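Structure, as structure tokens:
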Amino acid sequence: MAVKGSIVALVTPFAKDGSVDFGKLRELLDWHIENGTDGILMMGTTGENATTEHEEDEKICQFAIDHVAGRVPMIIGGGSNSTRTQMNKCIKYSKMGADALLCISPYYNKTNAEGMYRHFAEAADASGAPIILYNVPGRTGCSIPVDVVARLSQHGNVMGIKEASGDIAYASEVARLLSDDFVMYSGNDDITIPLLALGGVGVISVWANIMPKTCHNMVMDYLQGRQKEALAVQLRYLDLIHALFMEVNPIPVKEAMNLMGMNVGGFRLPLYEMPQAKREKLAAIMREAGLKVQ
């Protein structure tokens, strides 16, 4: 059964020396569960998986899965632009106890339609946990063709898609493929409600890192028939959501968390801290949204 609601794309907290701060990670996991987050994605783009070592990935994922201990579903970013690497990650994380794997289209090298299909299908064939396709052409330089999504939607171990193209026309085509066995998650916080209106079941959210309860309540309001209330929340926090993407993710959201006193640390290069003027602008927008900024 697919997770419905708000799935946080969790940041990876770093200590001052740049190592992973497992104590802070434990705090974040517990805080999200206490505040209604419906599922947790580890080692996605927001988790800075492009700059963590393979050994770190495994330690982070095993730690998170063990600590959460089934309290909410755990989704692990298992993607790669190497099909073999993606397949091996999916096998490994499945054995660790992941409930699902998020797999991305092959960035940089790209591929043709049949290669795209096989890139995902071979991971799904090998994985003990279901996979979620990740369509984010702004990051990868390639979109998953709708006809490839259609083929994959019939695969018994492909449970859904994280749609992060920002293209409502594309999402509408994907919506025609949805079923109890193939679901859609919004990958863009600013259009969560529009994608829910197309039949989506939730959001894989950056925003939830700072407002987990609000994000959860908004999605559940929509799914339970309180569409006007949910839309009002989406529109109320649009400025804040846009501010979380004023620079490449996850720079602004980690800055926001630190401004709130959450002390999640800095970044790994090539990501770098925001200029002071942008940080002040972010802080002002956060205050306008009702958040306490230190």
Side-chain angles (χ1 to χ4, degrees), residues 1-7 9 38-44 49 57 61-62 64-65 68 70 72-107 111-137 140 142-165 170-187 195-196 198-204 219 223:
M1 179 65 70
V3 186
K4 295 183 178 181
S6 172
I7 300 167
D38 301 287
I40 296 171
L41 167 66
M42 299 297 307
M43 302 314 301
N49 65 349
D57 293 348
C61 294
Q62 191 66 74
I65 290 168
V68 170
V72 297
M74 293 294 298
I75 303 169
I76 304 297
S80 173
N81 63 336
S82 161
T83 301
R84 181 176 296 180
T85 299
Q86 177 166 270
M87 181 177 67
N88 288 336
K89 282 185 174 184
C90 288
I91 293 169
K92 184 172 295 183
Y93 295 146
S94 296
K95 290 179 179 178
M96 285 185 184
D99 295 292
L101 291 308
L102 184 67
C103 294
I104 199 164
S105 58
Y107 46 88
T111 184
N112 58 17
E114 186 61 27
M116 185 77 76
Y117 172 77
R118 291 172 182 266
H119 177 72
F120 291 110
E122 292 196 9
D125 289 342
S127 177
I131 72 168
I132 301 170
L133 314 176
Y134 186 10
N135 188 55
V136 57
T140 65
C142 61
S143 183
I144 309 172
V146 174
D147 60 346
V148 173
V149 177
R151 291 175 67 189
L152 290 165
S153 71
Q154 300 302 308
H155 192 293
N157 205 33
V158 177
M159 64 172 281
I161 184 169
K162 177 184 177 183
E163 202 331 75
S165 70
Y170 176 93
S172 297
E173 292 293 330
V174 170
R176 300 167 69 180
L177 307 171
L178 301 180
S179 67
D180 290 343
D181 299 317
F182 185 76
V183 301
M184 179 166 62
Y185 298 100
S186 173
L195 263 66
L196 293 179
L198 287 171
V201 299
V203 60
I204 298 179
V219 176
L223 295 177

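In this text the structure is predicted, and so the values were computed from the model without any measurement. For the single chain, residues carry numbers from 1 onward in sequence order.
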Requested in this report: To the nearest 0.5 angstrom, please state how far the CE atom of Met87 sits from the OG atom of Ser82.
Outcome: 8.5 Å
Report summary line: Shortest non-hydrogen pair, Tyr185 vs Ile132, comes out as CE1-CD1, 4.1 Å
Query raised in the report: Can you tell me if His119 and Asn81 form a side-chain donor-acceptor pair at under 3.5 Å?
Result: no
Report task. Kindly give the heavy-atom pair with the smallest separation between Ser127 and Leu101, and that separation in Å. Result -> OG-CD2, 3.4 Å
Report summary line: CD1 of Ile104 to CD1 of Ile131, rounded to nearest 0.5 Å, is 12.5 Å
Query raised in the report: Between Asp180 and Val183, which heavy-atom pair has the shortest distance, and what is it?
Result: O-CG1, 4.4 Å
Query - N/O donor-acceptor pair under 3.5 Å between Ser94 side chain and Ala129 backbone - result: yes
**Report entry** Side-chain heavy-atom pair Cys142, Met116 within 4.5 angstrom cut-off
**Finding:** yes
Requested in this report: Would you confirm whether Asp99, through its side chain, and Met74, through its main-chain N or O, come within 3.5 Å as a donor-acceptor pair?
Outcome: yes
Query - Closest heavy-atom pair and its distance - Tyr93, Gly77 - result: CE1-O, 3.7 Å
Requested in this report: I would like to know whether Glu114 and Arg151 meet side chain to side chain contact (heavy atoms under 4.5 Å, CB included); could you show each step before the answer?
Outcome: CA-CA 10 Å; Glu114 186 61 27; Arg151 291 175 67 189; 2.9 Å; yes
Requested in this report: Give the C-alpha distance, both sets of side-chain angles, the deciding distance and a yes or no for side chain to side chain contact (heavy atoms under 4.5 Å, CB included) between Ser172 and Leu198.
Outcome: CA-CA 7 Å; Ser172 297; Leu198 287 171; 3.7 Å; yes
**Report entry** Residue pair Met42, Asn49: steps toward the side chain to side chain contact (heavy atoms under 4.5 Å, CB included) verdict
**Finding:** CA-CA 9 Å; Met42 299 297 307; Asn49 65 349; over 6 Å; no
**Report entry** Gap between atom NZ of Lys89 and atom CE of Met43 - 0.5 Å precision
**Finding:** 8.0 Å
Query raised in the report: Tyr170 side chain to Ile144 main-chain N or O, any donor-acceptor pair under 3.5 Å?
Result: yes
Query raised in the report: Would you say Leu133 and Phe120 make side-chain contact, with heavy atoms under 4.5 Å?
Result: yes
Query - Closest non-hydrogen atom pair, Gly199 against Leu178 - result: O-CD1, 3.7 Å
Requested in this report: Indicate yes or no: at least one non-hydrogen side-chain atom of Gln154 is less than 4.5 angstrom from one of Leu177.
Outcome: no
**Report entry** Validation row: Asn135, Val149 side chains within 4.5 angstrom (heavy atoms)
**Finding:** no
Query raised in the report: Rounded to the nearest 0.5 Å, how far apart are OG of Ser153 and CE of Met184?
Result: 12.5 Å
Query raised in the report: Would Lys162 count as a cation-pi partner of Tyr134, with NZ or CZ less than 6.0 Å from the six-membered ring centre and within 45° of the ring normal?
Result: yes
Report task. Taking all heavy atoms of Ala98 and all of Ile65, pick out the closest pair and write down the distance. Result -> N-CD1, 3.7 Å
Report summary line: In this structure, CD of Gln86 is separated from CG of Leu102 (nearest 0.5 Å) by 9.0 Å
Query raised in the report: So, do Lys4 and Asp38 sit near enough that their side-chain heavy atoms are less than 4.5 Å apart?
Result: no
**Report entry** Pairwise distance CG(Leu152) to CG(Asn157) - rounded to 0.5 angstrom
**Finding:** 11.5 Å
